[in-house]
Amino acid sequence: MERHHRILIVGGGTAGITVAARLRQQDPAPDVAIVEPSAKHYYQPLWTLVGGGIYKPEDSEREEADLIPAGATWIRDAVSTFDPGRNRVTTTNGDVITYDWLVVAAGIQIDWDKVKGLRDAVGHHGVCSNYDIKTVPSTWRSIQAFRGGTAIFTQPSGPVKCGGGPQKIMYLAEEAFERAGVRKQSRLIFATATPRIFAVEPYATSLEKVVARKGIEPLFKHNLIEIRADRNEAVFQKLDSGDEVVLHYEMIHVTPPMGPPDFIARSPLADAEGWVDVDKFTLRHLRHPNVFGIGDASSLPTSKTGAAIRKQAPVLVANLMACMNDQVPTASYDGYTSCPVVTGYNSLIMAEFDYDKKPAETFPFDQSQERFSMFLLKKAGLPSLYWHGMLKGRV
Ligand code: FAD
């Protein structure tokens, strides 16, 4: 089958739905279609709190059909190839869709197989991960089952969704162990490929204090390469020397390696690393002027978050509308992103910064301090803002 749409959006996750909602608000509203294979849509930032036992997995889930903006077409399929020279994509069902304008919003790919033994191990016997709706229930199960010994929390090399994500669950677990009376007989290790706890000041200094106060042992430049589930062993490679380090665990929360989706990386839209190759200010593709990219799948050099997309989407829509009207795209994205680093069941450091790694804070107080108010915002305010504001194109 062959069909045509004025604007085609690839991916109906955070970015795809937000852009579609904003486009459909234009007067006159353009023809918009979204290619999205999944029947469910997830508010992934909630998975940190699901892993910490605060919410149930189903609290993060909505029907995709209910989120498609009125008047937009949902094509329940997945794109397999791009042919920007002919303004067309093909889908896994074998259909061809042509377009005038293309927006690529297909997210980041989780590469479970890049850690030997991980795919089979995750979800069982103390190996858990917040990074998939199928595995997130295993995190809270593992925290509850932990009776002492070693609990390891990992962060891989390369970009991940929400850079602070890997450590948030560690702080919740530490407090849960304390409450359960098992903290004294336990050792917590943060084994991360990064050189520091966080890339941006003043949040890094605050988080170093949190780690010290909680008695967590950081192991920097340690990249997880193997899980030996039968022996409860995790194998790390030291990034400086290349040496291998084997650690025994009772529980391990794994943040898996991530990268650009394969179907993008092998397409003409990709940059050298495989991301959609866009201008970092206008979000317009650098070689194909009728293509835009947004969110986790894009080459935008900022921390990949939903909060970043909230600021990217209005810029993309303004520039796309300008281009459609033969005007120069002038809206500019400054790299704003936000990482609400949960530091316990009542505290959170609300990091917000831009391309220059300068704080770009919303509130008139020092956001590098742990605050209960910011925890409440994460727990109750932001989910509501997401479902009722952002995905409706209102904020
Ligand atoms: P996604 O929302 O992942 O959507 C991509 C969509 O593309 C999916 O629906 C997928 O099915 C679809 N797709 C994939 N392949 C194809 C294809 N071939 N064809 C068509 N469609 C396709 N962000 C924050 O702002 N704050 C936080 O506190 C936070 N915490 C997080 C904690 C965790 C544990 C996780 C996992 C994420 C967190 N994030 C957080 C990150 C945030 O969820 C993502 O940055 C955001 O969802 C990215 O949006 P996206 O639209 O780029 O990708």
Side-chain angles (χ1 to χ4, degrees), residues 8-20 33-52 57 60 62 64 67 74-82 89-93 97 103-110 128-133 135-136 139 159-169 172 253-256 258 260-267 275-276 293-298 300 302-313 316 336-342 348-352 374-375 377-379 382-383 385-386 390-391:
L8 185 67
I9 301 177
V10 179
T14 303
I17 294 292
T18 305
V19 167
I34 305 166
V35 189
E36 167 59 58
S38 174
K40 307 284 184 193
H41 181 112
Y42 297 98
Y43 177 54
Q44 300 167 41
L46 210 71
W47 292 350
T48 297
L49 304 184
V50 173
S60 69
R62 296 285 187 279
E64 180 76 12
L67 300 174
W74 176 19
I75 301 170
R76 178 113 191 253
D77 203 345
V79 167
S80 51
T81 62
F82 293 97
V89 302
T90 56
T91 71
T92 49
N93 284 347
I97 313 170
V103 177
V104 185
I108 198 168
Q109 177 173 295
I110 306 269
C128 58
S129 180
N130 282 351
Y131 287 83
D132 191 289
I133 187 65
T135 61
V136 63
T139 303
V160 294
K161 310 185 196 215
C162 195
Q167 59 190 284
K168 300 176 193 173
I169 188 62
L172 290 177
H253 177 274
V254 179
T255 300
M258 303 180 203
D262 292 336
F263 79 106
I264 294 177
R266 60 172 181 253
S267 81
W275 308 104
V276 183
I294 183 170
D296 290 2
S298 73
L300 298 171
T302 193
S303 176
K304 295 180 182 298
T305 65
I309 291 166
R310 191 163 71 81
K311 299 286 187 182
Q312 291 163 13
L316 187 155
Y336 170 90
T337 190
S338 166
C339 187
V341 188
V342 176
L348 184 146
I349 290 174
M350 183 61 83
E352 292 182 290
M374 294 294 97
F375 179 81
L377 180 67
K378 161 92 185 160
K379 186 178 162 192
L382 293 179
L385 185 81
Y386 183 76
M390 189 170 160
L391 295 189

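Excluded from the calculations below are hydrogen atoms, water molecules and symmetry mates; all remaining heavy atoms, backbone and side chain alike, are included. In what follows, residues are counted from 1 in the order of the sequence shown. In each ligand, atom 1 is the first atom listed, and ligand 1 is the first ligand listed.
- If you number the atoms of ligand 1 from 1 as listed, the ones under 4.0 Å from a heavy atom of P340 come out as 26 (N), 27 (C), 28 (O).
- Here the protein heavy atom with the shortest distance to atom 15 (N) of ligand 1 is F263 CE2, 3.9 Å.
- Residues L46 and Y386 are not in side-chain contact: their nearest non-hydrogen atoms beyond the backbone lie 4.5 Å or more apart.
- Taking the side chain as every heavy atom from C-beta outward, I110 and D132 never approach each other to under 4.5 Å.
- The main-chain N or O of V79 is never found under 3.5 Å from a side-chain atom of T91 such that the two would form a donor-acceptor pair.
- At the shortest separation from atom 51 (O) of ligand 1 among protein heavy atoms lies A15 N, 2.8 Å.
- Residues T92 and F263 have side chains not in contact (no heavy-atom distance under 4.5 Å, counting atoms from C-beta outward).
- Evaluated by nearest non-hydrogen atom to atom 38 (C) of ligand 1, the leading choice among G164, C162, S80 is C162.
- Below 4.0 Å from some heavy atom of K304 lie the following atoms of ligand 1, by number and element: 45 (O).
- In this structure, of R310, M258, E36, K168, the residue bringing a heavy atom nearest to atom 28 (O) of ligand 1 is K168.
- For ligand 1 and A78, the ligand atoms under 4.0 Å from any heavy atom of the residue are 17 (C), 18 (N), 19 (N).
- When heavy-atom distances to ligand 1 are checked against a 4.0 Å cut-off, H41 has no atom that comes that close, whether in backbone or side chain.
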Is there a side chain to side chain contact (heavy atoms under 4.5 Å, CB included) between V342 and K379? Walk through the geometry before answering. CA-CA 10 Å; V342 176; K379 186 178 162 192; over 6 Å; no
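- Proximity to V10 (heavy-atom distance under 4.0 Å) selects the following atoms of ligand 1: 19 (N), 20 (C).
- Both the backbone and the side chain of Q44 come within 4.0 Å of ligand 1, counting heavy atoms alone.
- The single protein non-hydrogen atom nearest to atom 14 (C) of ligand 1 is A106 O, 3.6 Å, given as residue, atom name and distance.
- Across every non-hydrogen atom of I133 and S60, the tightest pair is CD1-OG, 3.9 Å.
- Considering both main-chain and side-chain atoms, K378 comes within under 3.5 Å of ligand 1 through a nitrogen or oxygen pair.
- Note: an N/O pair closer than 3.5 Å links V79 and ligand 1 by distance alone.
- No donor-acceptor pair closer than 3.5 Å links the side chain of T302 to the backbone N or O of T337.
- Under a 4.0 Å criterion applied to the non-hydrogen atoms of Y131, ligand 1 contributes the atoms 34 (C), 36 (C).
- Closest approach of P159 and K304 over heavy atoms only: CB-CE, 4.0 Å.
- Considering backbone and side-chain N/O atoms, S38 never comes within less than 3.5 Å of an N/O atom of ligand 1.
- If you check which protein heavy atom lies closest to atom 2 (O) of ligand 1, you get T14 N, 3.1 Å.
- Neither the backbone nor the side chain of L382 has a heavy atom within less than 4.0 Å of ligand 1.
- Across I34, I17, L46, I309, heavy-atom proximity to atom 49 (O) of ligand 1 is greatest for I309.
- Among all protein heavy atoms, the one lying closest to atom 44 (C) of ligand 1 is D296 OD2, 3.4 Å.
- Side-chain atoms of K168 and C162, non-hydrogen and from C-beta on, do get closer than 4.5 Å to each other.
- Residue contacts with ligand 1: T48 is placed with no nitrogen or oxygen under 3.5 Å of a nitrogen or oxygen of the ligand (distance criterion only).
- Of the listed residues (G12, G16, G306), the one carrying the non-hydrogen atom nearest atom 24 (C) of ligand 1 is G306.
- Per-residue contacts place P37 under 4.0 angstrom from the following atoms of ligand 1 (heavy atoms of the residue considered): 20 (C), 21 (N), 22 (C).
- Heavy atoms of A105 approach ligand 1 to within less than 4.0 angstrom.
- With a 4.0 Å cut-off on non-hydrogen atoms, A307 touches ligand 1 through its backbone as well as its side chain.
- Near V35, with a cut-off below 4.0 Å to any heavy atom, the atoms of ligand 1 are 20 (C), 21 (N).
- Close approach to G295 involves these atoms of ligand 1, each under 4.0 Å from a residue heavy atom: 52 (O).
- Across all non-hydrogen atoms, the minimal contact from I264 to A106 is CD1-CB, 4.1 Å.
- When side chains are defined from C-beta on, L391 counts as touching H41, because their heavy atoms get closer than 4.5 Å.
- In this structure, K161 fails the cation-pi test against W47, since its NZ or CZ atom is not both closer than 6.0 Å to the six-membered ring centre and inside 45 degrees of the ring normal.
- The distance from the CG atom of L67 to the CZ atom of R62 is 8.0 Å, given to the nearest 0.5 Å.
- No part of Y43 comes within 4.0 Å of ligand 1, judged by heavy-atom distances.
- Atom 4 (O) of ligand 1 has its closest protein heavy atom at G13 CA, 3.3 Å.
- Remark: distances from the non-hydrogen atoms of G165 to ligand 1 are all 4.0 Å or more.
- Atom 53 (O) of ligand 1 has its closest protein heavy atom at G107 CA, 3.4 Å.
- Taken to the nearest 0.5 Å, the CD1 atom of I75 stands 6.0 Å off from the CG atom of L8.
- Residues M390 and I309 meet the side-chain proximity criterion, which asks for heavy atoms closer than 4.5 Å.
- Nearest non-hydrogen protein atom to atom 41 (C) of ligand 1 is K161 CB, 3.9 Å.
- For the side-chain hydrogen bond (donor to acceptor under 3.5 Å, both in side chains) with Y336, the lone residue among R310, K311, Q312, E352 that qualifies is E352.
- I17 CD1 to I34 CD1: the interatomic distance, rounded to the nearest 0.5 Å, is 4.0 Å.
- Within the model, atoms OG1 of T305 and CG of D296 stand 8.0 Å from one another, a figure rounded to the nearest 0.5 Å.
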